[in-house]
Protein chains: 2
Amino acid sequence: MDIESNRAQIEAWLILLRAPGIGAARLRELIDRHRSAASALAAAVRGELAGDAAANRDWLRAPDRNLIEGDLAWLSQERHQLLTMHDADFPPLLRDTPGAPAALFVVGDASALWRPQIAIVGSRNASQGGLANARSFARALCAAGFAITSGLAEGIDAAAHTAALDAGAITVAVLGTGPDLVYPVRHRELASRIAASGALVSEFPPGVPGRPENFPRRNRIIAGLSLGTLIVEAGLRSGSLITARCATEHGRDVFAIPGSIHNPLARGCHQLIREGAMLVETADEIIAALAPLAARLGAHLRERLDEAEPQSAPAAPAARDAEYTKLLDALGHEALGVDALAERSGLGVPAISSMLLVLELEGEVAAQRGGLYARSHPARDI
Amino acid sequence: MDIESNRAQIEAWLILLRAPGIGAARLRELIDRHRSAASALAAAVRGELAGDAAANRDWLRAPDRNLIEGDLAWLSQERHQLLTMHDADFPPLLRDTPGAPAALFVVGDASALWRPQIAIVGSRNASQGGLANARSFARALCAAGFAITSGLAEGIDAAAHTAALDAGAITVAVLGTGPDLVYPVRHRELASRIAASGALVSEFPPGVPGRPENFPRRNRIIAGLSLGTLIVEAGLRSGSLITARCATEHGRDVFAIPGSIHNPLARGCHQLIREGAMLVETADEIIAALAPLAARLGAHLRERLDEAEPQSAPAAPAARDAEYTKLLDALGHEALGVDALAERSGLGVPAISSMLLVLELEGEVAAQRGGLYARSHPARDI
């Protein structure tokens, strides 16, 4: 949401997001009913709200202006953004989950959230073998066109983020703190690297510290953003199991890497496998399992794009094929990045991302190092 | 079958077992129809048999007397025995399987086959970790009162047999050769140790070498004798997977130990887990999973004992409880072996074996080192 043209709406969103005791579900319901955050806030201030929201009327009437001004100042910085559920580019997979946040604070490139993502999560105290597995699975999944989503924690999370960055691919970190904080502090440089090409995402407003109860909430967003969740190594009481269970509740696939029965950090993975998670030995198994869902996501994204651009007539199937042809023609003989493809083809970045994945899965396009894409077969002579 | 009193029947069995081209299923059907091997053979010699058995008429009319005399000589040795499907102590779990052999050559203690068994099988080229797992699972399962059944092969099989022997417990080896041969030859001493307390078992007559096609047949007997089958380590093309699939076809549980995705010998286990085998980290999980089946086996064995001893009236439930009381009273304050318990209680060894397992599962009796059993609770004062 553009802060210049929508200052009143954004202020209303911030006041509502910071209102004590309104959960994400209640907030979504409230704003949906009133069609905008400003109307919802106005109704609340007039005392028209029933139920538990009334308890927040004092805050809603007289919010802490310093906090809200601080949030607005934070949002006015470059590559800082509030992405609300009313924005057309709110990530559709996350929107589909029951516990979805009403809005996300984003640092970096919000279009990263449109990419087909796979969550890679696991223990903070991972073994060397676990870290190596996180890296190699992340690399292989990036090479197949997926972005890697994780929680910026030490251990498996950091290994997965770093491997994606080193491969020149996109990675998304979901924070358990406000978007201006980095936890753990030693991941400050990692967070900067992620924000430079991908995105840092938080449902918490600036300044919120990493309270223990924030991390399970963070985990549901990781699972919600992702087509599937891979658990690399996890103890039996690991937070990663929460991420896995959220994924299952969202109807998404859960993948787990088995390990030695003498490795306590394999226990969580084994428990998940017993509960129905797919045992995986290679990234290819994940790619194969997610291909149908990724293709559906691509179709879904195209539909939403059509809805989000009402000035153009709804694209008929032939028109969609035409878009694929346009994209393939734009690719020509060279390897290109998504931005260059957007410029050449006139298509939007989110649409291109999803189309590229479909084309990759169909074997038409190959992802290359550095976020470049090339045709798998020589381009036809034009 | 006692060779002195049943020489004619045993000779008929041997001639039929050695007849070329009669499979186990056909042989079982033939002998069942004629009610005894001698009648089946007589009918065959008279040319009364329909179907493919006719092709064997030449052999059946004029078998190689040297071979048969050799078999009889082998059977006349101490602790050598032919156990046919008509013998009351033919192992009931094996009898229930569709591909059961019509008879088994046994070296050692045939009553070992009545014990509740768990198969432990796996790769011949197991890793050190795999061998250690085979040993520790075997020890724990023996301590819970199970006998360990395997295939006398190098690697996992030998580790499981040896651990059972070292724990003073019973182990059963099923051979892919005749009962007079040991394959591999370096396991000759292991085979002697197994025969001294447990049993070597083969469906092949003396002298049959270890042809490649014998080992899958051997594997179905391992699975058929056992309440469940544990695969410790196995490659993707391992014969252990055949054993596991036989177990599944027999409706028995299959257990598999997961391992590192970088261990090629974990691949077979992972494949089985994907196909529905139970992922296990500890022997306790196997014991818990098999307890209901073991209890049913105990009940089944008691019923068969009742059938096999028609001189005594069928035991009513109260009579069965009385047998348990008799056994518990025989146990008194000391730890005793099964033979001593048989002498004291007047009950048969197979019945005692199954009752002991039921009592162990109920927590009344504890298995001790050296095949001894003791009451878990102090005996009531009498």
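Chain naming here is simple, since letters A, B, ... match the order of the sequence lines and numbering starts at 1 in each.
Under the side chain to side chain contact (heavy atoms under 4.5 Å, CB included) criterion, B/Arg193 pairs with B/Thr162, B/Leu165, B/Asp166, B/Glu189, not counting sequence neighbours.
By the neighbour-count criterion of 12 heavy atoms within 6.0 Å, atom CZ of A/Phe215 is densely surrounded, having more than that number from other residues, nucleotides or ligands. More than 12 heavy atoms of other residues, nucleotides or ligands lie within 6.0 Å of CZ in A/Arg274, so this atom counts as buried by the packing criterion. For B/Glu213, the CD atom counts as densely surrounded, since its 6.0 Å shell holds more than 12 non-hydrogen atoms of other residues, nucleotides or ligands.
To the nearest 0.5 Å, atom CZ of residue B/Phe255 and atom OG1 of residue B/Thr229 are 8.5 Å apart. Here the straight-line distance linking atom CD1 of B/Ile222 with atom CG of B/Leu94 works out to 11.5 Å at 0.5 Å rounding.
Proximity to chain B (any heavy atom under 4.5 Å) is shown, for A/Asn263, by neither the backbone nor the side chain. B/Glu285 touches chain A through its side chain: at least one heavy atom from C-beta onward sits under 4.5 Å away, while N, CA, C and O do not. In this structure, the portions of A/Leu279 lying under 4.5 Å from any heavy atom of chain B include both its backbone and its side chain.
Using a distance-only test at 3.5 Å, with no hydrogens or angles considered, no donor-acceptor pair links the side chain of A/Arg115 to the main chain of A/Phe146.
Scanning residues 238-254 of chain B against chain A with a 4.5 Å non-hydrogen threshold yields no residues.
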